[in-house]
Structures are given as structure tokens and as C-alpha cells.
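All values below were derived from every heavy atom in this structure, side-chain atoms included, with hydrogens, water molecules and symmetry-related copies excluded.
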Amino acid sequence: MIFEEKTIKSERIYEGKILNLRKDTVKVVNGDTSYREIVEHDGGVTLAAITPSNRMVMVKQFRKAAGKAVLEAPAGKREKGEAPIETASRELREETGYTAADMVLLTKFYSSVGYSEEIIYLYLCTGLTPGETDFDDNEALDIMEYDLGELYKMAVDGEIEDSKTIIAVLMAKAYMEKQGV
């Protein structure tokens with residue numbers, strides 16, 4: 001049986017530059033009240049940018065939350081009012097220097113449905129043309145290219161730890177195989 005929790009009260013706990021945090025008081029299945037802490041976020045994009053030689057463009061950067069450098073698919077935050085496809089095009093150019101002739105929405109997903117409203121849109125980017133990066137002032141990225149099959153093995157072997165990147169690799173591989181590439 002699915003029970004839809006009803007919000008009784010909502011309180012903003014924190015308001016930040018990239019996310020907000022609210023505390024909702026909800027009525028749960030047994031009739032009691034409980035609390036849900038919800039991260040409000042405008043969402044973002046993740047990019048499976050595939051070169052003509054079937055290599056996926058990746059970035060590696062230090063992530064404070066993880067306390068280490070992490071290998072990731074290029075990604076970025078949506079600006080207020082920005083369509084996901086616009087974010088995808090902008091982030092691809094800024095983080096990798098590439099522009100894409102073709103961008104296909106593979107899927108969209110919640111980053112962590114238990115506590116966040118953030119939705120990430122995953123685009124497959126092909127027909128890549130190299131260009132200049134335009135990193136944010138506070139970004140330091142290494143750009144790398146990996147064979148898609150190698151990334152798939154790294155994902156299933158637990159070597160890739162970022163969830164949006166794992167999804168990007170698995171979805172890109174499935175899509176490319178379906179296309180006969």
C-alpha cells in the first residue's frame with residue numbers, strides 16, 4: 001500500500017547560493033507526525049560526451065565532500081529559468097571546450113530521492129567539435145578521454161564512485177550499443 005504523506009507545515013532552515021534546506025512536518029501512515037528534511041535545488045545536467053572514436057570525455061577534480069579528486073562525467077547546475085538543453089550546451093563548452101552537433105536526452109533522474117528535489121538531466125553529446133574551455137573562476141579540472149568499454153568496466157568494478165557518472169556510463173553504453181556503435 002502506498003501512502004502519500006501530507007505536509008502540515010514547512011519551514012526554511014537554510015538558504016544558500018546553490019541549495020536551500022527546509023524541514024517539513026508531515027502526517028505519516030500511522031497518523032503520527034514526522035519530519036522530513038528536504039534539499040531544494042534547481043537541478044542540473046550530466047553529459048555523456050562521446051568522441052568519434054567512441055571515447056567518453058571525462059573530468060577529474062577535487063571534491064570537498066568526498067575529500068579527494070573524483071573522476072566524473074562533465075556536469076553542471078541549471079541557472080534559474082534555464083532549459084536543461086541550454087545548461088547541457090553551456091556546461092559542455094565550459095568544462096571540456098567541446099560543442100556538440102547532436103544532443104539527445106537519455107533520461108532524467110533524482111540525485112537522491114530520499115532527501116533532495118534535485119533532478120539531473122542526462123544528455124548524450126555527439127558530433128563533437130573541440131574548442132576552448134571556460135572554467136568558472138573557482139574550478140580546476142583535468143580533462144580526459146576514456147574508451148566507453150573501459151569506463152563501463154570501471155563503473156561495474158566500483159572504481160567510479162560518482163552516481164551521476166555511473167548512470168551516464170551505463171546509459172551511454174546501452175544507447176550506443178542499441179545504435180550499433
What are the two closest heavy atoms between [X] and [Y], and how far apart are they?
{"X": "Ser34", "Y": "Val28", "value": "CB-CG1, 3.7 Å"}
{"X": "Met103", "Y": "Cys125", "value": "CE-SG, 3.5 Å"}
{"X": "Val70", "Y": "Ala66", "value": "CG2-CB, 4.0 Å"}
{"X": "Ala73", "Y": "Thr46", "value": "CB-CG2, 3.7 Å"}
{"X": "Gly76", "Y": "Thr87", "value": "O-CG2, 4.2 Å"}

Looking at [atom1] of [X] and [atom2] of [Y], how far apart are the two atoms once the value is rounded to the nearest 0.5 Å?
{"X": "Leu151", "Y": "Met144", "atom1": "CG", "atom2": "CE", "result": "11.0 Å"}
{"X": "Glu91", "Y": "Arg78", "atom1": "CD", "atom2": "CZ", "result": "12.0 Å"}
{"X": "Asn54", "Y": "Thr126", "atom1": "CG", "atom2": "OG1", "result": "11.0 Å"}
{"X": "Ile160", "Y": "Asp162", "atom1": "CD1", "atom2": "CG", "result": "9.0 Å"}
{"X": "Met58", "Y": "Tyr146", "atom1": "CE", "atom2": "OH", "result": "7.0 Å"}
{"X": "Leu170", "Y": "Leu106", "atom1": "CG", "atom2": "CG", "result": "11.5 Å"}

Does any part of the side chain of [Y], heavy atoms only, come nearer than 4.5 Å to the side chain of [X], both counted from C-beta?
{"X": "Lys178", "Y": "Lys173", "result": "no"}
{"X": "Tyr35", "Y": "Asp24", "result": "no"}
{"X": "Ile119", "Y": "Tyr110", "result": "yes"}
{"X": "Glu40", "Y": "Leu21", "result": "no"}
{"X": "Lys64", "Y": "Phe62", "result": "yes"}
{"X": "Met154", "Y": "Leu71", "result": "yes"}
{"X": "Thr7", "Y": "Thr25", "result": "no"}
{"X": "Asp42", "Y": "Glu79", "result": "no"}

Please indicate whether [X] has more than 12 foreign heavy atoms, meaning atoms of other residues, nucleotides or ligands, lying under 6.0 Å from its [atom1].
{"X": "Tyr152", "atom1": "OH", "result": "no"}
{"X": "Glu132", "atom1": "CD", "result": "no"}
{"X": "Tyr115", "atom1": "OH", "result": "no"}

inquiry  = With side-chain contact (heavy atoms from CB on, under 4.5 Å) as the test, pick out the partner of Leu128 among Val57, Thr96, Thr99.
reply    = Val57

Any salt bridge linking [X] with [Y]? Criterion: basic side-chain nitrogen under 4.0 Å from a carboxylate oxygen.
{"X": "Glu4", "Y": "Lys6", "answer": "yes"}
{"X": "Lys68", "Y": "Glu161", "answer": "yes"}
{"X": "Lys27", "Y": "Asp32", "answer": "no"}
{"X": "Glu117", "Y": "Arg22", "answer": "yes"}

key: Sidechain-backbone polar pair: Glu94 side chain, Thr133 backbone, donor-acceptor under 3.5 Å   =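 Absent.
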
key: Donor-acceptor contact present, side-chain Ser116 to main-chain Ser112, <3.5 Å   =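 No.
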
inquiry  = Applying salt bridge (charged side-chain N to carboxylate O under 4.0 Å, His left out) to Glu82 and Arg90, what does each step give before you reach the verdict?
reply    = CA-CA 10 Å; Glu82 187 176 46; Arg90 176 178 51 77; 2.8 Å; yes

query = Would Thr165 and Glu72 count as having a side-chain donor-acceptor pair, cut-off 3.5 Å?
reply =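 Looking only at side-chain atoms, Glu72 and Thr165 do not form any donor-acceptor pair under 3.5 Å.
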
